[in-house]
Undergrad: 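The structure is given below, and queries will be raised subsequently.
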Amino acid sequence: MSVAIFGTMIVLLLLGFPMMIPLIAGSLIGFVSLFGGVGQLDTMVQQILAGIRPASLIAVPMFIFAADIMTRGQSAGRLIDLVMAFVGHLKGGLAVSTATACTLFGAVSGSTQATVVAVGGPLRPRMLKAGYKDSFVLALIVNSSDIAFLIPPSIGMIIYGVVSGTSISELFIAGIGPGLLILLMFSIYSYIYAHRNNVPVEQKSSWSERGSAVRRALWPLGFPVIIVGGIYGGIFSPTEAAAACVLYALFLEMVVFREMSLKQLYSTAKSTGLITAVVFILVGAGAAFSYVISFAQIPQQVLGAIGIDDMGPYGILFTISIAFFVGCMFVDPIVVILIFVPIFAPVVESAGLDPVLVGTIITLQVAIGSATPPFGCDIFTAIAVFKRPYMEVIRGTPPFIFMLISVAVLLIFFPQIALFLRDLAFAE
């Protein structure tokens with residue numbers, strides 16, 4: 001049966017069907033095989049509905065909606081101007097500004113694709129004009145946008161938290177340390193790159209210009225305060241923080257900045273609805289597929305074949321890291337989380353590993369895989385946004401992937417990189 005399920009899914013993927021079709025087809029084959037015909041497909045429908053029932057998933061469309069509003073308004077531009085005012089004049093400052101702007105926008109959107117569009121759109125032309133090679137620029141934007149997977153709010157962490165039953169609030173806080181470490185590594189590399197390639201520096205902003213940039217960015221900087229401060233202070237749950245972000249985004253773009261009309265709001269809401277529909281179909285289909293493979297005990301067979309029960313904590317974490325990294329090189333991150341997390345959950349629990357640490361490592365590996373050839377989803381987002389050929393987009397990625405993998409290894413051996421802030425925030 002497992003050969004029929006995975007064979008069908010691979011064929012459908014190779015034929016170019018969107019990921020939801022192979023997932024549903026694999027689930028359908030599994031239910032028919034396991035329960036003896038189409039008469040039991042009501043169980044499949046129940047599993048699909050159960051997959052999208054958790055209240056925590058409400059945060060996903062809200063964060064997508066907030067990010068969409070900010071991308072079409074002034075918030076993203078003001079955050080970029082703030083970063084440029086303070087570090088744009090340093091050697092490699094424009095590249096550092098790009099990485100920092102991706103981090104800041106990730107802290108208000110939670111979406112890698114939205115970050116590529118919001119930050120890459122205005123900053124890529126400036127970097128090319130300043131003398132950076134396009135291969136470096138594209139790789140920097142694609143990989144820096146993946147910090148949005150770690151810095152709260154992270155849509156990937158929300159999905160992981162729902163599937164694994166782990167506290168989303170703790171996951172959000174745990175992602176801050178690794179995200180900032182990645183930003184530091186990217187900034188150092190950008191400085192070295194600028195020196196080696198003799199990239200000229202930008203004109204230094206005056207203190208009055210910096211003050212103006214700070215004042216202009218004060219409103220958008222309220223987003224991370226709402227998300228991190230609200231959750232850390234016990235004011236909001238992650239879902240409530242998402243709702244507050246939507247309300248705040250509407251207030252900024254429609255009342256304060258007066259950038260968005262009711263007509264634009266309608267088109268933004270429609271766009272969010274379409275994206276949310278795709279996400280929720282994937283979540284529901286993934287839940288049904290997870291039920292099938294769990295009922296058929298396929299995970300036990302696979303994990304038994306690789307001998308994971310005999311591994312120590314480090315071996316388990318490395319195995320999980322490799323599985324998610326490779327999976328996201330080929331398949332949508334949400335699908336990989338939905339399929340793999342239930343497979344590894346019993347092993348994680350029996351080994352006594354901290355689920356928050358595991359979730360942070362998984363989220364990082366998902367981020368790395370999303371920007372890694374051959375089929376990382378962020379690569380194709382960049383191709384669509386910047387209209388550049390595939391080989392040009394991936395040419396500059398190896399140094400960034402090496403740095404991301406280095407952080408993943410450090411997380412395994414030094415878990416306090418992620419858990420220090422978590423332990424501090426949620427100490428009893």
Side-chain angles (χ1 to χ4, degrees), residues 55-83 100-115 118-119 145 147-162 167-180 183 213-260 265 268-269 272 275-276 360 363 421-422 424-426:
S56 300
L57 285 176
I58 298 173
V60 174
M62 289 184 179
F63 280 128
I64 293 173
F65 191 28
D68 229 351
I69 294 170
M70 289 182 286
T71 303
R72 300 185 186 213
Q74 291 188 22
S75 298
R78 292 182 179 225
L79 290 174
I80 292 171
D81 292 341
L82 171 66
V83 177
T100 307
C102 286
T103 303
L104 277 177
F105 193 76
V108 301
S109 70
S111 168
T112 57
Q113 285 87 350
T115 304
V119 178
S145 69
I147 301 175
F149 259 112
L150 290 164
I151 298 288
S154 164
I155 292 173
M157 283 184 170
I158 294 172
I159 301 296
Y160 170 83
V162 169
S167 167
I168 296 173
S169 300
E170 293 188 32
L171 287 167
F172 277 3
I173 299 299
I176 295 175
L180 294 178
L183 172 61
V214 170
R215 288 191 296 272
R216 284 173 48 81
L218 282 176
W219 283 107
L221 286 173
F223 285 103
V225 173
I226 290 172
I227 297 166
V228 179
I231 295 173
Y232 176 84
I235 302 171
F236 299 128
S237 68
T239 304
E240 291 165 346
C245 278
V246 172
L247 185 62
Y248 189 64
L250 289 171
F251 174 71
L252 286 193
E253 301 300 344
M254 298 188 74
V255 179
V256 178
F257 302 150
R258 298 184 180 180
E259 185 73 16
M260 180 170 285
L265 177 62
T268 303
T272 299
I275 296 171
T276 302
T360 307
T363 305
L421 286 177
R422 190 283 305 267
L424 189 66
F426 294 94

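For the numbers below, each heavy atom of this structure counts, side chains included, while hydrogens, waters and symmetry mates do not.
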Undergrad: Measure the shortest side-chain to side-chain distance between P220 and F257 over non-hydrogen atoms and say whether it is less than 4.5 angstrom.
TA: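 When only atoms from C-beta onward are counted, F257 and P220 do touch, with a gap below 4.5 Å.
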
Undergrad: How long is the straight-line distance from CD1 of I176 back to OG of S154, given to the nearest 0.5 Å?
TA: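 The OG atom of S154 sits 11.5 Å away from the CD1 atom of I176.
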
Undergrad: Measure across S75 and F223 and return the closest heavy-atom pair with its distance rounded to 0.1 Å.
TA: OG-CE1, 4.2 Å

Undergrad: Quick one: do I173 and L424 satisfy side-chain contact (heavy atoms from CB on, under 4.5 Å)? Show the steps, please.
TA: CA-CA 10 Å; I173 299 299; L424 189 66; over 6 Å; no

Undergrad: If every non-hydrogen atom of T360 is compared with every non-hydrogen atom of A174, which pair is closest and at what distance?
TA: OG1-CB, 3.6 Å

Undergrad: Can you confirm whether T276 sits close enough to F65 that some side-chain heavy atom of one is under 4.5 Å from a side-chain heavy atom of the other?
TA: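 Counting from C-beta outward, T276 and F65 never come under 4.5 Å.
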
Undergrad: Between E253 and Q74 (side chain of the first, backbone of the second, donor and acceptor by atom type, cut-off under 3.5 Å), is there such a pair?
TA: yes

Undergrad: Are V60 and I159 side-chain neighbours, meaning at least one heavy-atom pair lies under 4.5 Å?
TA: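 Yes; the side chains approach each other to less than 4.5 Å.
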
Undergrad: To the nearest 0.5 Å, how far apart are CD in E259 and CG in L252?
TA: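 E259 atom CD to L252 atom CG measures 11.5 Å (nearest 0.5 Å).
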
Undergrad: How close do F149 and T363 get, counting heavy atoms only, and between which atoms?
TA: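 Scanning both residues, the minimum pair turns out to be O-CG2, 3.0 Å.
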
Undergrad: Using 0.5 Å steps for rounding, measure from the OG1 atom of T100 to the CG atom of L180.
TA: 10.0 Å

Undergrad: Which pair of heavy atoms, one from P153 and one from I227, lies closest together, and at what distance?
TA: CD-CD1, 3.4 Å

Undergrad: Locate the shortest heavy-atom distance separating A249 from M70; write the atom from each residue and the value.
TA: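 Result for this residue pair: CB-CG, 4.4 Å.
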
Undergrad: Is the backbone N or O of R78 less than 3.5 Å from a side-chain atom of R216, with the two atoms forming a donor-acceptor pair by type?
TA: no

Undergrad: How far does CG of L79 sit from CG of L104, to the nearest 0.5 angstrom?
TA: 5.5 Å

Undergrad: Do you know the tightest heavy-atom contact between I168 and M157?
TA: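 Scanning both residues completely, I find the closest heavy atoms to be CG1-O, 4.5 Å.
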
Undergrad: Between the main-chain N or O of W219 and the side-chain N or O of Y248, is there a donor-acceptor pair closer than 3.5 Å?
TA: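 The answer is yes, because a donor-acceptor pair under 3.5 Å joins these two groups.
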
Undergrad: Can you tell me how far OG1 of T268 sits from CE of M260, rounded to the nearest 0.5 angstrom?
TA: 4.0 Å

Undergrad: With rounding to the nearest 0.5 angstrom, report the CD1 to SG distance, I151 to C102.
TA: 12.0 Å

